[in-house]
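To start, the structure under review is shown below, and the notes come after it.
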Number of protein chains: 2
Amino acid sequence: MTLRDVSEASGVSEMTVSRVLRNRGDVSEATRTKVLEAARELGYVPNKIAGALASSRVNLVAVIIPSMSNMVFPEVMTGITEILDETELQPVVGVTHYKPEREEAVLYQMLSWRPSGVIIAGLEHTEAAKAMLGAAGIPIVEIMDTDGEPVDSAVGISHRRAGRKMAREIIDSGYRRIGFLGTKMPLDHRARKRFEGFTEVLAKAGLEIVDSEFYSGGSALAKGREMTEAILKRNEEEPLDFLYYSNDMIAAGGLLYCLDKGIDVPGEIGLAGFNRIEFIDGLPRRLATMDSCRIEIGRAAARIIAQRVENPQEGMGEVITLEPSIELGDTLKRRKKPL
Amino acid sequence: MTLRDVSEASGVSEMTVSRVLRNRGDVSEATRTKVLEAARELGYVPNKIAGALASSRVNLVAVIIPSMSNMVFPEVMTGITEILDETELQPVVGVTHYKPEREEAVLYQMLSWRPSGVIIAGLEHTEAAKAMLGAAGIPIVEIMDTDGEPVDSAVGISHRRAGRKMAREIIDSGYRRIGFLGTKMPLDHRARKRFEGFTEVLAKAGLEIVDSEFYSGGSALAKGREMTEAILKRNEEEPLDFLYYSNDMIAAGGLLYCLDKGIDVPGEIGLAGFNRIEFIDGLPRRLATMDSCRIEIGRAAARIIAQRVENPQEGMGEVITLEPSIELGDTLKRRKKPL
DNA sequence: CTGAAAGCGCTAACAA
DNA sequence: TTGTTAGCGCTTTCAG
């Protein structure tokens with residue numbers, strides 16, 4: 001089923017059929033109806049492969065993210081889709097599972113379809129990936145993180161700054177014996193940077209992380225519970241007074257554990273997570289957290305791509321740094337008598 | 001940057017370059033190295049658009065799902081990816097937000113890229129969408145649901161049966177005053193079918209849903225709480241003894257609410273959800289639920305596509321019905337004295 | 001093992 | 001307003 005079939009069925013040249021189907025140029029209402037009718041009757045679906053080759057225009061935006069299953073990237077997608085839906089552009093998603101070599105492969109695959117732009121999570125890529133991004137000749141937006149050098153544009157937050165901010169808040173509230181709970185993911189650079197910012201501020205205050213726990217795989221909520229139990233038990237003689245989690249899901253697990261055990265939160269121990277996922281609204285206590293601005297990052301990235309597609313000469317290298325807001329909730333409160 | 005550039009840089013014909021880059025046919029080791037070298041130096045990325053047009057082979061599988069943000073579809077994707085990763089095929093995802101007209105549009109867009117197969121959620125589609133699926137001439141697998149007539153192949157569970165099974169379990173355990181909590185989504189056919197199966201069994205036992213609550217949008221966990229509070233308050237004179245939720249997330253909210261209020265679960269009231277999401281492992285009580293077999297559905301669907309791509313003449317119309325297993329957990333227990 | 005010619009289905013550019 | 005011509009960058013096919 002090709003344009004030619006529609007052309008023959010309607011008795012109109014292929015070119016005119018093409019014009020009708022794309023709403024391009026002037027076509028008389030009569031031929032227009034004739035063509036549309038024929039196309040509908042035949043069940044014609046245009047071949048974008050041929051169209052794209054002929055016009056060298058592809059209305060696809062490659063979106064490359066580390067994971068689909070942890071609640072944060074679907075929200076980024078929501079923001080992206082929201083903006084792209086107002087344009088002709090369509091997102092196409094690739095998932096890397098936090099593996100650089102996988103990212104490189106996915107990027108290669110996607111670039112081979114000659115998309116109109118790339119939105120890619122993070123600033124850390126293999127040399128080859130950076131080379132591809134640099135040479136692609138299309139707008140590139142690196143998202144989620146602004147601690148580093150983008151290839152082109154970037155939209156995100158400073159995770160180092162986010163870590164610092166939370167550390168200050170915790171110290172200022174009078175907590176001193178702080179534990180850290182996170183993922184076993186050396187390649188989650190954003191978690192790493194938050195951790196670095198966090199420990200940096202602690203160090204300046206003469207403090208250190210007292211103990212830490214790491215997990216991988218499984219139900220994050222359950223892991224949060226288990227890790228919390230483990231870290232608390234391990235430090236019973238000199239108890240911890242604060243637990244900083246690298247994401248809200250494990251923090252929620254920790255919160256549920258503490259409540260189960262009748263531990264006074266935040267009196268006996270304070271808790272904080274990261275991401276401000278919607279989920280935490282349903283918990284028994286409002287968990288302290290920090291908004292990672294996911295929807296807004298998605299929106300801003302999509303806007304940059306859309307603008308650059310409209311206007312290819314303008315706006316290279318734009319960097320947007322969003323400011324994550326802290327939310328103290330009920331689990332991070334100024335202590336009566338700070339040490 | 002085209003094949004021609006690589007051809008010129010390496011002094012080998014375009015055709016031979018093409019052969020090397022696709023590992024096709026016999027090429028001497030010497031020219032092979034020469035070509036690969038040139039391609040690498042130039043940073044050549046093949047143009048799949050041209051390749052696909054010339055070969056009329058596209059290694060894309062269209063995956064059309066209603067939503068990305070409710071935990072269940074990412075798991076289906078996991079299953080699909082797991083299988084497709086062993087092949088040349090790549091999934092491309094489109095999201096419909098449970099809107100038939102959106103589904104139709106997304107399907108049209110995807111078919112215009114001439115994918116090798118389509119995996120699409122549900123058996124209910126617009127007439128136009130069904131026509132497109134029927135005429136596409138590629139393997140189609142409708143997933144998640146088997147209560148109805150598939151266009152071609154299908155993999156899923158019977159949601160009617162799932163609803164019936166849970167109803168029987170609840171009744172057999174001695175619960176009689178049953179409330180239902182779900183989503184305001186007339187177009188979520190699977191939830192509707194579960195509900196129908198559920199009420200059907202109730203009716204046979206001379207019972208009816210005593211009261212119900214519906215939500216849309218917002219944090220599902222928080223909504224679960226709110227709805228539970230509402231439905232319990234509304235029925236204080238003649239209290240409900242069981243709450244059946246259309247998904248685990250709102251059920252979890254309900255469970256947390258009940259525990260907060262010191263309500264005895266399952267003594268005073270029983271609870272059950274649906275989906276068996278990983279998340280529920282971290283809750284204070286093991287929630288009764290039913291496995292919706294998401295990963296396995298993804299895997300089976302991908303296997304069907306992969307086989308049919310290998311062997312186009314075989315296997316049309318295969319239907320795989322999975323059997324969801326019930327998990328009683330701690331929130332659905334045989335009552336001491338059934339009425 | 002290598003190359004030349006033809007064409008995939010569509011659209012840009014120009015002509016009528 | 002409509003049609004004609006010439007490719008887009010690759011692969012198929014056939015010839016060497």
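Because the structure is a prediction, the values reported are computed rather than measured. Every chain is numbered from 1, with letters handed out A, B, ... down the list of sequences.
As rounded to whole Å, 15 Å separates atom C1' of dG3(D) from atom CG of Asp26(A). Distance CD (Glu29(A)) to P (dT1(D)): 11 Å, rounded to an integer number of Å. Between Arg32(B) atom CZ and dT2(C) atom P there is a gap of 11 Å when expressed in whole angstrom units.
Remark: Glu314(B) does not engage Arg308(B) in a salt bridge, criterion side-chain N to carboxylate O under 4.0 Å. Between Glu296(B) and Arg303(B) there is a salt bridge, since at least one side-chain N of the basic residue sits less than 4.0 Å from a carboxylate O of the acidic one. Using a 4.0 Å cut-off between charged nitrogen and carboxylate oxygen, Glu103(B) and Lys99(B) do not count as a salt-bridge pair. Salt bridge annotation for Glu124(A)-Lys130(A): absent, with no cationic side-chain nitrogen under 4.0 angstrom from a carboxylate oxygen.
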### Query
For every nucleotide of nucleotides 9-16 of chain D, 5' to 3': is a protein heavy atom under 4.0 Å from its base (B), only from its sugar-phosphate (S), or from neither (-)?
BBBBB---

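Within 6.0 Å of CZ on Arg4(B) lie no more than 12 heavy atoms contributed by other residues, nucleotides or ligands.
If you check every strand for non-hydrogen atoms under 4.0 Å, Ser28(A) touches sugar and phosphate atoms only.
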### Criterion side chain to side chain contact (heavy atoms under 4.5 Å, CB included) on Val20(B) and Leu36(B), from CA distance to verdict
CA-CA 7 Å; Val20(B) 172; Leu36(B) 253 20; 3.5 Å; yes

